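Below is one structure; the comments refer to it alone.
All residue numbers in this chain count up from 1 along the given sequence. From a predicted model like this one, the values you see are computed outputs, not experimental measurements. Note: hydrogens, waters and symmetry copies are ignored here, and every other heavy atom, side chains too, is used.
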Amino acid sequence: MKLRDILENTPLLVAIILINVAGTLVGFFYYWDQLVSSSPVYWIFIPDCPLYTMLAAAVLAVYVSTRRSSDIVNFITAVGLAKYGTWTVFVVLSFTAFYFSVDSSFYSVLVLLHVAMAAEFILPLMLIRRLKQRFIAVALIWFFANDFADYFLGTHPPIPASDITQIAIFTFLLTPVFIIVAYAAARFLNNSNT
């Protein structure tokens with residue numbers, strides 16, 4: 001079975017959509033207190049992971065129902081899935097004393113789910129029909145704006161305050177890394193019959 005065959009497997013895509021919807025709901029529940037205590041102006045920057053699982057569900061639902069998609073939305077969704085899935089895994093595992101002291105079972109499951117989230121980035125990339133270099137500029141502006149909001153406006157999720165500078169540097173570095181990874185992967189997928 002080729003990787004692209006996944007896009008023709010409607011039952012599998014529907015299952016992935018439902019998993020993303022469930023993950024989105026859990027994610028918004030996780031961020032609920034932060035959302036209600038923040039200005040609505042910042043809401044778009046607060047729930048990073050649920051935003052991208054919601055976008056993944058929407059992108060796949062539109063594709064399943066219409067066989068259409070937006071290349072730029074697919075690219076942004078892919079970068080978000082990869083970046084925030086990876087960010088969560090590395091930050092939680094790097095600061096286990098902070099997270100696992102709260103609820104080790106919850107954060108163990110959270111890590112596994114975010115590994116899957118990061119791996120899922122390939123699906124929106126497979127939907128891109130015309131990859132454009134301007135996607136890189138749009139993604140850089142969007143994700144750096146989010147990074148700025150997280151560490152200069154305080155929209156980041158709960159993280160160890162003593163290590164915020166280290167985490168901020170890591171976050172800012174992930175932005176160009178995953179934009180380059182997503183662009184290269186999309187080019188590879190467009191040039192192959194994977």
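Here the closest non-hydrogen pair linking Asn20 and Ala57 is CB-CB, 3.8 Å. Contact detail for Arg68 and Val62: the closest heavy-atom pair is O-CG1, 3.5 Å. For the residue pair Trp87 and Pro157, the shortest heavy atom distance occurs at CH2-CG, 3.6 Å. Minimum interatomic distance between Ile44 and Leu51 (heavy atoms only, all atoms of both residues): O-CD2, 4.0 Å.
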Practice item. I would like to know whether Leu12 and Ile6 meet side-chain contact (heavy atoms from CB on, under 4.5 Å); could you show each step before the answer? Key: CA-CA 7 Å; Leu12 177 60; Ile6 293 171; 3.9 Å; yes
Exercise for review: Start with the C-alpha gap between Ser38 and Trp43, add the side-chain angles, then the distance that decides, and say whether side-chain hydrogen bond (donor to acceptor under 3.5 Å, both in side chains) holds.
Suggested key: CA-CA 7 Å; Ser38 300; Trp43 285 358; 5.5 Å; no
Check your understanding: What do the steps show when you test Val181 against Phe121 for side-chain contact (heavy atoms from CB on, under 4.5 Å), and what is the final call?
Key -> CA-CA 10 Å; Val181 166; Phe121 94 108; 4.2 Å; yes
Point to revise | Residue pair Phe100, Ser108: steps toward the side-chain contact (heavy atoms from CB on, under 4.5 Å) verdict | key: CA-CA 8 Å; Phe100 284 74; Ser108 296; 3.2 Å; yes
Practice item. Run the numbers on Ile128 and Leu189 for side-chain contact (heavy atoms from CB on, under 4.5 Å), then give the verdict. Key: CA-CA 9 Å; Ile128 294 174; Leu189 291 166; over 6 Å; no
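Taking the six-membered ring for Trp, Phe75 and Trp142 have ring centres at least 6.0 Å apart. The six-membered or imidazole ring of Phe152 lies near that of Phe148, with a centre-to-centre distance under 6.0 Å.
Taking the salt bridge (Lys or Arg N to Asp or Glu O under 4.0 Å) definition, one finds that Arg129 meets it with nothing, sequence neighbours left out. Applying the salt bridge (Lys or Arg N to Asp or Glu O under 4.0 Å) test to Asp150 and every residue at least two apart in sequence or in another chain returns nothing.
The aromatic rings of Tyr151 and Phe172 are tilted relative to each other, their planes meeting at an angle between 30° and 60°. Using bins of under 30°, 30° to 60° and over 60° for the plane-to-plane angle, the ring pair Tyr84/Tyr52 lands in the parallel bin.
Taking the centre and axis of the six-membered ring of Tyr63, the NZ or CZ atom of Arg67 falls inside the cone set by 45° and 6.0 Å.
Put simply, the side chain of Ile122 does not reach to within 4.5 Å of the side chain of Leu81, judged on heavy atoms. Inter-residue side-chain proximity for Ile159 and Asp163 is flagged as unmet; no heavy-atom pair is nearer than 4.5 Å. For the pair Leu125 and Asn74, the minimum side-chain heavy-atom distance is 4.5 Å or more. Between Pro176 and Phe143 the shortest side-chain heavy-atom distance does not fall below 4.5 Å. The closest side-chain heavy-atom distance from Tyr30 to Pro158 is below 4.5 Å. Considering only heavy atoms from C-beta on, Leu93 comes within 4.5 Å of Val111 through its side chain. When side chains are defined from C-beta on, Ile167 counts as touching Pro160, because their heavy atoms get closer than 4.5 Å. The side-chain heavy atoms of Phe135 and Ile179, taken from C-beta on, include no pair separated by under 4.5 Å.
No side-chain donor-acceptor contact under 3.5 Å links Thr171 to the backbone of Asp147. A side-chain donor-acceptor contact under 3.5 Å links Ser101 to the backbone of Phe98. Side-chain atoms of Arg130 never come within 3.5 Å of backbone atoms of Asp71 as a donor-acceptor pair (strictly under, hydrogens ignored). With hydrogens and angles disregarded, no donor-acceptor distance shorter than 3.5 Å links the side chain of Asn191 to the backbone of Phe188. Put simply, the side chain of Gln34 gets close to the backbone of His156: a donor and an acceptor are under 3.5 Å apart.
The OG1 atom of Thr53 sits 8.0 Å away from the CD atom of Glu120 when rounded to the nearest 0.5 Å. Distance CG/Leu123 to CD1/Ile17: 10.0 Å, rounded to 0.5 Å. Interatomic distance, OH of Tyr42 versus OG of Ser37, reported as 12.5 Å (0.5 Å rounding). Atom-to-atom distance recorded for Asp103:CG and Tyr107:OH is 8.0 Å, nearest 0.5 angstrom. Atom NZ in Lys83 sits 10.5 Å away from atom SG in Cys49 (nearest 0.5 Å). Taken from CD1 in Ile46 to OH in Tyr31, the straight-line distance is 9.5 Å, to the nearest 0.5 Å.
Hydrophobic clustering (ILVMFWY, side-chain heavy atoms < 4.5 Å, transitive): Val138 and Leu140 are in one cluster. If you chain together hydrophobic residues whose side chains sit under 4.5 Å apart, Met117 and Phe28 fall into the same group. In the hydrophobic cluster analysis, where Ile, Leu, Val, Met, Phe, Trp and Tyr join through side-chain heavy atoms closer than 4.5 angstrom, Val92 is grouped together with Phe178. Using a 4.5 Å cut-off between side-chain heavy atoms of Ile, Leu, Val, Met, Phe, Trp and Tyr, with links allowed through other members, Val115 and Val26 fall into different hydrophobic clusters. In terms of hydrophobic clustering, with Ile, Leu, Val, Met, Phe, Trp and Tyr side chains grouped at heavy-atom distances under 4.5 Å, Phe29 and Leu18 are assigned to different clusters.
Crowding of Gln133 atom CD: a count of heavy atoms from other residues, nucleotides or ligands under 6.0 Å not exceeding 12. Within a 6.0 Å sphere centred on CZ of Phe106, heavy atoms belonging to other residues, nucleotides or ligands number more than 12.
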